[in-house]
Amino acid sequence: MSATASPVIRILTADEAARVIDDLCEVLSDGVNGGASLGFMLPFLPADARNYWQGVVDSVAAGQTVLVVSEIDGRVVGTVQVGFASRPNQPHRGDLMKLIVHRSVRGRGVSRLLLQAVEAESARRGRSLLVLDTATGSEAEAIYPRFGWQRVGVIPDYALWPQGGLCGTTLFYKRIA
């Protein structure tokens, strides 16, 4: 992967997501193995992610999820999703999920580009409010305020770190339209 190539951001259809599922598995595996609290435990291999990503592909096909990727030299190196609230009283809201950037390309603005793209696409699809939760004390927690997300609070002992041990979750929101 080129150290100088610019990231390309794409919103994927279900068919496109299915074609890059191996890259998505690698990005998720890298995140979990790097200590990110993404809902999985160690040990974790790229093959362990296949069922998860197939569910995302199905959700994209059903119009319930927007999947955005960042590619460098044709390989997926980052991803983020927004799941759309399905309740009749929440047609304006989406849940930001799984912002993951491969450790090999961190520090190159990939998170910013992914967030900008997923926020714009969510607004285009009629959403005006996004919410998320992320592991308290994680590297990810520090990212969101830099991009205009508002911290709401912390729920203690919400989940486990991939290596074990309880961690809290910090809640954020952002008005996008």
Is there side-chain contact between Asn89 and Arg87, with heavy atoms separated by less than 4.5 Å?
-> yes
Under the salt bridge (charged side-chain N to carboxylate O under 4.0 Å, His left out) test, which residues partner Arg125, sequence neighbours left out?
-> Glu121
Residues two or more places apart in sequence or in another chain: which of them pass side-chain contact (heavy atoms from CB on, under 4.5 Å) with Ser6?
-> none
Single-linkage hydrophobic cluster Leu132~Met97, side-chain heavy atoms < 4.5 angstrom | no
Answer yes if the side chains of Arg93 and Gln90 hold a donor-acceptor pair under 3.5 Å, and no otherwise.
-> yes
Could you list the residues that satisfy ring-ring contact (aromatic ring centres under 6.0 Å, His included) with Trp149, not counting sequence neighbours?
-> Tyr144
Hey, can you pull the donor-acceptor pairs under 3.5 Å for the side chains in residues 54-61, sequence neighbours left out?
unit_1: Gln54; atom_1: NE2; unit_2: Asp58; atom_2: OD1; d: 3.0
unit_1: Ser59; atom_1: OG; unit_2: Thr65; atom_2: OG1; d: 2.5

Between OG of Ser86 and CG of Asp95, what distance do you get to the nearest 0.5 Å?
-> 9.5 Å
Do Thr134 and Thr170 get their side chains close enough for a donor-acceptor pair, meaning under 3.5 Å?
-> no
Within one Ile-Leu-Val-Met-Phe-Trp-Tyr cluster: Phe84 and Leu67, side-chain cutoff 4.5 Å = no
Any residue meeting side chain to side chain donor-acceptor pair (under 3.5 Å) with Arg151, in chain and number order, not counting sequence neighbours | none
With Gln116 via side chain to side chain donor-acceptor pair (under 3.5 Å) - residues at least two apart | none
Check the pair His92 / Arg127 against side-chain contact (heavy atoms from CB on, under 4.5 Å), numbers first and verdict last.
-> CA-CA 4 Å; His92 63 290; Arg127 282 10 187 223; 5.7 Å; no
Enumerate the residue pairs fulfilling side chain to side chain donor-acceptor pair (under 3.5 Å) with a member in residues 152-163, sequence neighbours excluded, ordered by first and then second residue.
-> none
Listed pairs under 3.5 Å, donor-acceptor, residues 40-50 side chains, sequence neighbours left out:
unit_1: Asp48; atom_1: OD2; unit_2: Leu45; atom_2: N; d: 2.6
unit_1: Arg50; atom_1: NH2; unit_2: Asp22; atom_2: OD1; d: 2.2

Between Ile9 and Leu99, is there a shared hydrophobic cluster once you connect ILVMFWY residues whose side-chain heavy atoms come closer than 4.5 Å?
-> yes
Residues at least two apart in sequence or cross-chain that pass side chain to side chain donor-acceptor pair (under 3.5 Å) with Ser29, listed by chain then number, are Asn33
Answer yes or no: is there a side-chain heavy-atom contact under 4.5 Å between Val131 and Leu96?
-> no
Any chain of hydrophobic side-chain contacts (each under 4.5 Å) joining Ile11 to Val110?
-> yes
Taking all non-hydrogen atoms of both residues into account, name the closest pair between Pro162 and Ser37 and its distance.
-> CD-CA, 4.2 Å
Tracing side-chain contacts under 4.5 Å among Ile, Leu, Val, Met, Phe, Trp and Tyr outward from Val8 reaches none
Measure across Pro88 and Pro91 and return the closest heavy-atom pair with its distance rounded to 0.1 Å.
-> O-CD, 3.3 Å
Compare every heavy atom of Gln81 with every heavy atom of Val118, then report the nearest pair and how far apart it is.
-> CG2-C, 4.3 Å
Evaluate the side-chain proximity of Ser122 to Ile176: yes if any heavy-atom separation is below 4.5 Å, no if none is.
-> yes
Report the residues that fulfil side-chain contact (heavy atoms from CB on, under 4.5 Å) with Asp30, sequence neighbours left out, ordered by chain and then residue number.
-> Glu26, His102, Arg103
Sequence neighbours excluded, which residues qualify as side chain to side chain donor-acceptor pair (under 3.5 Å) partners of Gln150?
-> none
Are Val68 and Leu38 linked, directly or through other ILVMFWY residues, by side chains that come within less than 4.5 angstrom of each other?
-> no
